[in-house]
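This structure is a prediction, so every number in the text was calculated from the model and none was measured.
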Amino acid sequence: MGFWQEKTLEEMTTEEWESICDGCGKCCLHSFIDSDEEDDSEFESTDFLREGEELLYTNIVCQYNDATTCGCSRYSERQILVPSCVQLTKENLKDIFFMPTSCSYRRLYEGRGLASWHPLKHKGSKQAMIDAGISIFGRAISELEVDLESDFESHFVDWPTKDVN
């Protein structure tokens with residue numbers, strides 16, 4: 001039995017917590033909230049989607065994402081380099097609604113357990129995750145290769161919402 005079956009997220013050590021990340025890279029994709037509201041001038045950030053809002057994903061990934069590993073190439077300094085990069089913690093997990101449903105932290109938090117493709121269930125290999133279509137591997141494009149002002153809408157995708165057990 002794995003530690004993730006014996007412990008809650010709150011009980012995990014830092015090393016265990018870090019290993020729960022499946023390394024899919026979806027959290028590094030640019031995502032946006034589309035709103036039915038006409039006037040966005042009064043937009044106020046929340047920790048949930050309001051009625052009439054939808055979370056949209058793109059295939060555009062942060063410039064620091066390593067295309068070969070789908071991990072951050074500057075992990076220890078990511079929040080300095082990208083202030084909007086969210087550090088998932090035990091304290092804020094409940095508020096991060098925009099994590100993909102396949103996110104292993106979200107799955108555990110929601111009581112769904114780790115998926116069959118998770119690297120912890122495959123001796124650290126990400127191949128089952130890639131084969132299941134969960135990873136961004138081979139599907140994302142760096143933000144450095146896209147004109148975010150004019151060519152943004154052509155990059156909306158729905159595959160980041162995919163979750164399989």
Side-chain angles (χ1 to χ4, degrees), residues 9 17-110 112 114-115 117-119 126-164:
L9 287 166
W17 174 267
E18 289 289 324
S19 72
I20 292 300
C21 177
D22 51 53
C24 71
K26 287 182 184 177
C27 61
C28 299
L29 293 171
H30 288 260
S31 61
F32 301 89
I33 295 176
D34 186 27
S35 177
D36 289 344
E37 291 293 317
E38 295 289 328
D39 182 17
D40 287 334
S41 64
E42 294 183 30
F43 179 80
E44 191 174 314
S45 182
T46 65
D47 55 4
F48 60 91
L49 285 174
R50 296 182 195 94
E51 187 174 331
E53 292 181 336
E54 178 184 12
L55 183 61
L56 301 174
Y57 288 92
T58 70
N59 66 342
I60 303 168
V61 70
C62 174
Q63 66 181 305
Y64 299 111
N65 186 273
D66 182 328
T68 59
T69 66
C70 300
C72 185
S73 64
R74 307 285 293 271
Y75 188 75
S76 64
E77 53 192 332
R78 69 192 186 283
Q79 292 179 290
I80 296 166
L81 296 168
V82 183
S84 62
C85 181
V86 176
Q87 179 178 0
L88 200 54
T89 67
K90 297 172 185 180
E91 293 74 33
N92 69 7
L93 181 61
K94 66 180 176 19
D95 299 327
I96 302 182
F97 66 91
F98 54 85
M99 295 301 285
T101 55
S102 62
C103 172
S104 296
Y105 294 104
R106 183 171 175 175
R107 290 180 59 93
L108 289 177
Y109 180 77
E110 294 174 351
R112 296 185 289 134
L114 289 185
W117 45 261
H118 195 285
K126 292 184 179 184
Q127 193 59 52
M129 178 176 54
I130 293 168
D131 293 345
I134 299 298
S135 173
I136 69 168
F137 186 78
R139 301 169 109 177
I141 183 170
S142 172
E143 65 188 5
L144 297 176
E145 300 175 39
V146 177
D147 181 353
L148 294 174
E149 297 299 321
S150 65
D151 187 29
F152 180 74
E153 290 184 359
S154 66
H155 291 277
F156 285 120
V157 292
D158 62 1
W159 54 261
T161 63
K162 180 180 179 180
D163 188 9
V164 295

Checklist outcome for this item: When rounded to the nearest 0.5 Å, the distance separating NZ of K94 from CG of L9 is 13.5 Å
Checklist entry - Can you name the residues that form a ring pair (Phe, Tyr, Trp, His ring centres under 6.0 Å) with F156, not counting sequence neighbours? => result F152
Checklist entry - Would a 4.5 Å heavy-atom cut-off, applied to side chains only, mark F32 and T58 as touching? => result yes
Checklist entry - Taking C-beta and beyond as the side chain, do C27 and M99 meet within less than 4.5 Å on heavy atoms? => result yes
Item to check | Between CG on residue N65 and OG on residue S73, distance to nearest 0.5 Å | outcome: 7.5 Å
Checklist entry - Looking only at side chains, do K126 and S135 share a donor and an acceptor under 3.5 Å apart? => result no
Checklist entry - Do V164 and I134 have side-chain heavy atoms sitting under 4.5 Å apart? => result yes
Item to check | Side-chain heavy-atom pair Y64, R78 within 4.5 angstrom cut-off | outcome: no
Item to check | Side-chain touch H30/V61, heavy atoms, less than 4.5 angstrom | outcome: no
Item to check | Stepwise side chain to side chain contact (heavy atoms under 4.5 Å, CB included) test for L88 and L93 | outcome: CA-CA 6 Å; L88 200 54; L93 181 61; 3.7 Å; yes
Item to check | Residue list, salt bridge (Lys or Arg N to Asp or Glu O under 4.0 Å) with R139, at least two apart or on another chain | outcome: none
Item to check | side chain to side chain contact (heavy atoms under 4.5 Å, CB included) between F137 and T69, intermediate numbers included | outcome: CA-CA 8 Å; F137 186 78; T69 66; over 6 Å; no
Checklist entry - Step by step, would you call V82 with C62 a side chain to side chain contact (heavy atoms under 4.5 Å, CB included)? => result CA-CA 9 Å; V82 183; C62 174; 4.1 Å; yes
Checklist entry - Looking at CD of E143 and NE2 of H155, how far apart are the two atoms once the value is rounded to the nearest 0.5 Å? => result 12.0 Å
Item to check | Check: M129 and C24 side chains under 4.5 Å, non-hydrogen atoms | outcome: yes
Item to check | Heavy-atom side-chain proximity of D158 to Y57 below 4.5 angstrom | outcome: no
Item to check | Closest contact, heavy atoms only, R112 versus T101 | outcome: NH2-O, 2.6 Å
Checklist entry - To the nearest 0.5 Å, how far apart are CD1 in I60 and CD1 in I136? => result 12.0 Å
Item to check | Flag if over 12 foreign heavy atoms under 6.0 Å of CD1, I80 | outcome: no
Item to check | Verdict with reasoning, K26 to S102, per side chain to side chain contact (heavy atoms under 4.5 Å, CB included) | outcome: CA-CA 9 Å; K26 287 182 184 177; S102 62; 2.9 Å; yes
Item to check | Flag for D22-S104: side-chain donor and acceptor within less than 3.5 Å | outcome: yes
Item to check | Any W117 side-chain heavy atom under 4.5 Å of D131 side chain | outcome: no
Item to check | Residue that, paired with R107, satisfies side-chain contact (heavy atoms from CB on, under 4.5 Å) out of I20, L114, D163 | outcome: D163
Next on the checklist: The criterion is ring pair (Phe, Tyr, Trp, His ring centres under 6.0 Å); which residues satisfy it with Y105, sequence neighbours excluded?
Outcome noted: W17
Item to check | E110, CD: over 12 other non-hydrogen atoms inside 6.0 angstrom | outcome: yes
